[in-house]
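Below, chains carry the letters A, B, ... as their sequence lines are ordered, and counting in each starts from 1. Side chains included, hydrogens not; waters and symmetry mates left out as well; all remaining heavy atoms used.
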4 protein chains.
Amino acid sequence: MISEDKGANISRRESILSAAREVFNYKGFHGATTSEISQKAGVAEGTIFRYFKTKKELLLAVFEPLETAWAAEFIRGAAEQEDEDTLRFYLKKQLFLVKENFELFKIFFYESQFHPELREKLTNKVVQKTLAPVESYLEEQVKEGKYREIDIPTAARALFGMLAVFIAWEEVLQAEDYIKFDEVEVVERIIDIFLHGVKK
Amino acid sequence: MISEDKGANISRRESILSAAREVFNYKGFHGATTSEISQKAGVAEGTIFRYFKTKKELLLAVFEPLETAWAAEFIRGAAEQEDEDTLRFYLKKQLFLVKENFELFKIFFYESQFHPELREKLTNKVVQKTLAPVESYLEEQVKEGKYREIDIPTAARALFGMLAVFIAWEEVLQAEDYIKFDEVEVVERIIDIFLHGVKK
Amino acid sequence: MISEDKGANISRRESILSAAREVFNYKGFHGATTSEISQKAGVAEGTIFRYFKTKKELLLAVFEPLETAWAAEFIRGAAEQEDEDTLRFYLKKQLFLVKENFELFKIFFYESQFHPELREKLTNKVVQKTLAPVESYLEEQVKEGKYREIDIPTAARALFGMLAVFIAWEEVLQAEDYIKFDEVEVVERIIDIFLHGVKK
Amino acid sequence: MISEDKGANISRRESILSAAREVFNYKGFHGATTSEISQKAGVAEGTIFRYFKTKKELLLAVFEPLETAWAAEFIRGAAEQEDEDTLRFYLKKQLFLVKENFELFKIFFYESQFHPELREKLTNKVVQKTLAPVESYLEEQVKEGKYREIDIPTAARALFGMLAVFIAWEEVLQAEDYIKFDEVEVVERIIDIFLHGVKK
DNA sequence: AATGAATGAGAATTCATTCAT
DNA sequence: TATGAATGAATTCTCATTCAT
């Protein structure tokens, strides 16, 4: 079979999802048109609606890989963080996961305002799952007397905020022209400040 | 003429801007219609276009007060932060300023992706100005040997990330149902962790 | 003002309604397109939707004159039918009213299947109102012993059925080519058969 | 293969026609989709187009059984009506035939407006054939001096109109909630009025 | 012969923008 | 200057029909 378009060996559903992700990313949900998505996917416009009843359903489907990634991650993440090294490893992995899926994240966040079902998914399937391992780690350390008597939920969220801001810096502000941060170094530095801040 | 609508003593331009802010906020830029804005502003739809050539121009104009607020803040903020107390005070004020204008911020952030002129404003007139006083404070402290040899830009951004994440928690995720944080306490705790983390 | 199109001195709403009636008539509701209606009305397609929120609302509005005509007729018709002459006069007027509005009737009938609100209007505002005067006339005559002991509702409906069939003959079957009936004569003959059939 | 669906022992063509009848009936021609018809028929959508070139051709084919029924009826009906009893019997049978096929009739009538070939069929193969026996009966009776000198075509049509209106009452208006007529009684009463009206 | 995925023309509806008043 | 009716391009979505398998 000779087929030069990108739909050759991936399924049409995937082509559409991939095109939708791309277009949603640089136009937003409302700004994206099904016409543009269909062109990018190399299918007829009507074909989109064979796979997704409405444009909104397409939006929801677009996040599936995120949920999947997080669900998988959660299982592995659940394996208790025992020491600083595992924590560092976990944080880096999470950061990488977010960066890798940043386009999706951005839309996910933004559209959450307008679609309660999205908001719920974001909160329960992504945010809470991301926080949980860190919170249980911190709790352990505090209990063992290694860390100060900090407020766990606050601390966990703060830690992620410190990391998130760098992704926003790069991805939203596209501000690398002003200051370019080396990712690995930044993570080390942030963890350093944080751990120094919570340790006794 | 005695007019009882809100446009009575504020100019039409202001009515329109205020209505636009409100509608952009809960519908997003694309979701907002000039018709709804005009109704909220109490003017005819056509009138909007006497003050703003296009809907996009209206979007850009909507952020003016943010810039103004930040410009004013910058002047005052420039007065060096000399000690922890001034830092705490500054951070709280900034946080309050962001929360107060959160609606605008959200649109500002989101639309920045699609409109480079917005992105530039956001980076230069808001973000950089907010970071500067903290960076200069940290630099001072490091120089004086009170703080560890941290990377200043990283630390400053991390600090704001820690705070920002709580606003996002409330405003984007609307996740107060899960955990409700007391704002004043949270700020104290975060600053505590941060300072503990950077101090020698 | 120089304006040669038909929308010159009738309101746009009327132009649209009139065009809609015409197109609904020869294409049916589903077969009619708002595009064709707008062209016939001499307005832009979008203009239709300034006057009628949806195509269906346009359908409902199209029947207003029917209801109005019937409401007016009802008031006059309510004046008791005292003798055969008034009955004849009433029936001819009704028949004329139906013929004059036949296009509307046809759509009204047909679409009643799919839109319960239409069905209810048809039954209550048109059919029942048309039957009432005839029923009360028949009742009177039976009571006075002039007519046989017939079933009033059956007889009234039967009478209208006799007349209606000729309208259907002409308007639906367009069967004048086969047999052409003289309207006035037909009505006389039918009334003759009917009265002869119910009299003692 | 033992197939349990309804298409098992009736031909595919019949399954499709039967499904089409059903769907045309409650959705109308335009409202019906070939997709729904194919599902109801238990065949693939494409299969419909192997049996019927277009949806319209399917519409035309749907009426075949009506024509067949009427053709059969005609042959039997042609056997002269000799007395009132045979007339009564014939009318009841016809009425039953119409009621039984009312769904088809309704579409037949309605779509006749838009498709001349349908209209012609309706007039020639159904309506004329139905009228003929009654007309010849009436003619006979008038000739024999038993009935008054009425206009035969008018009278025949009027008789059917009287009956038809009751079917419309039930089936189109679905107005049984208002008044419910007993079918057998109604037919008796109508024939009674009619015959009384035409007899000397 | 039968399938059903894919098509794309065409449908109703929305909305930023214009312009006569 | 302000209006708001009118516009029509653009949008999402539907569906009869085709065609490779």
### Summary
Judged by nearest nucleotide, the residue sitting upstream toward the 5' end of DNA chain E, Val43(A) or His30(B), is Val43(A)
### Summary
Note: for Ile48(A) and Thr47(C) on DNA chain E, the residue whose nearest nucleotide lies more 5' is Ile48(A)
### Query
So Tyr110(D) and Tyr110(C), would you call those rings parallel, tilted or perpendicular, with 30° and 60° as cut-offs?
parallel
### Query
Base, sugar-phosphate, or nothing: which does Tyr51(C) touch, judged by heavy atoms less than 4.0 Å apart?
sugar-phosphate
### Summary
Testing dT13(E), dA16(E), dG4(E) for proximity to the side chain of Ala44(D), the answer is dG4(E)
### Query
Quick check: does any side chain N or O of Glu57(B) sit under 3.5 Å from a backbone N or O of Lys53(B), one acting as donor and the other as acceptor?
yes
### Task
Take the protein atom CD of Glu36(A) and the nucleotide atom C1' of dT12(F), then report the distance between them rounded to whole Å.
15 Å
### Query
Between dA2(F), dT12(F), dT7(E), which one does the side chain of Arg12(A) approach most closely?
dT7(E)
### Query
Which part of the nucleic acid, if any, lies within contact of Thr33(D), taking any heavy atom under 4.0 Å across all strands shown: a base, the sugar-phosphate backbone alone, or nothing?
sugar-phosphate
#### Entry: Per Phe49(D) side chain, nearest of listed nucleotides dT18(F), dA2(E), dT17(E)
dT18(F)
### Query
Distance-only, no hydrogens or angles: does the Ser18(D) side chain make a donor-acceptor pair with backbone N or O of Glu14(D) under 3.5 Å?
no
### Query
Atom CD of Gln39(A) and atom P of dT12(F): how far apart are they, to the nearest Å?
12 Å
### Task
Check every atom of dG8(F), dT17(E), dT3(E) against the side chain of Arg50(D) and return the nucleotide holding the closest atom.
dT3(E)
### Task
Please tell me which of Lys56(A) and Ser35(D) maps to the more 5' nucleotide of DNA chain F, matching each residue to the nucleotide holding its nearest heavy atom.
Lys56(A)
### Nearest-Å distance for atom pair CG/P, residues Leu58(D) and dT17(F)
10 Å
### Query
In whole angstroms, how far is the C1' atom of dT13(E) from the CD1 atom of Ile37(C)?
13 Å
### Query
Taking 4.0 angstrom as the limit, do Lys125(D) and Glu120(D) come out as a salt bridge?
no
### Distance in angstrom units between Lys27(C) NZ and dA12(E) P, rounded
11 Å
### Task
Using a 4.0 Å heavy-atom cut-off across all strands, classify Thr54(C) as base, sugar-phosphate, or nothing.
sugar-phosphate
### Query
Which base sits across from dA20(F) as a Watson-Crick or G-U pair, both distances under 3.5 Å?
dT3(E)
#### Entry: Separation of dA16(E) P from Leu59(B) CG (nearest whole Å)
13 Å
### Query
What's the NZ-P distance between Lys55(A) and dT13(E), to the nearest Å?
18 Å
### Query
Parallel under 30°, tilted from 30 to 60°, perpendicular over 60°: which one fits the rings of Phe105(C) and Trp70(C)?
perpendicular
### Query
Can you tell me how far P of dC15(E) sits from NZ of Lys53(C), to the nearest Å?
14 Å
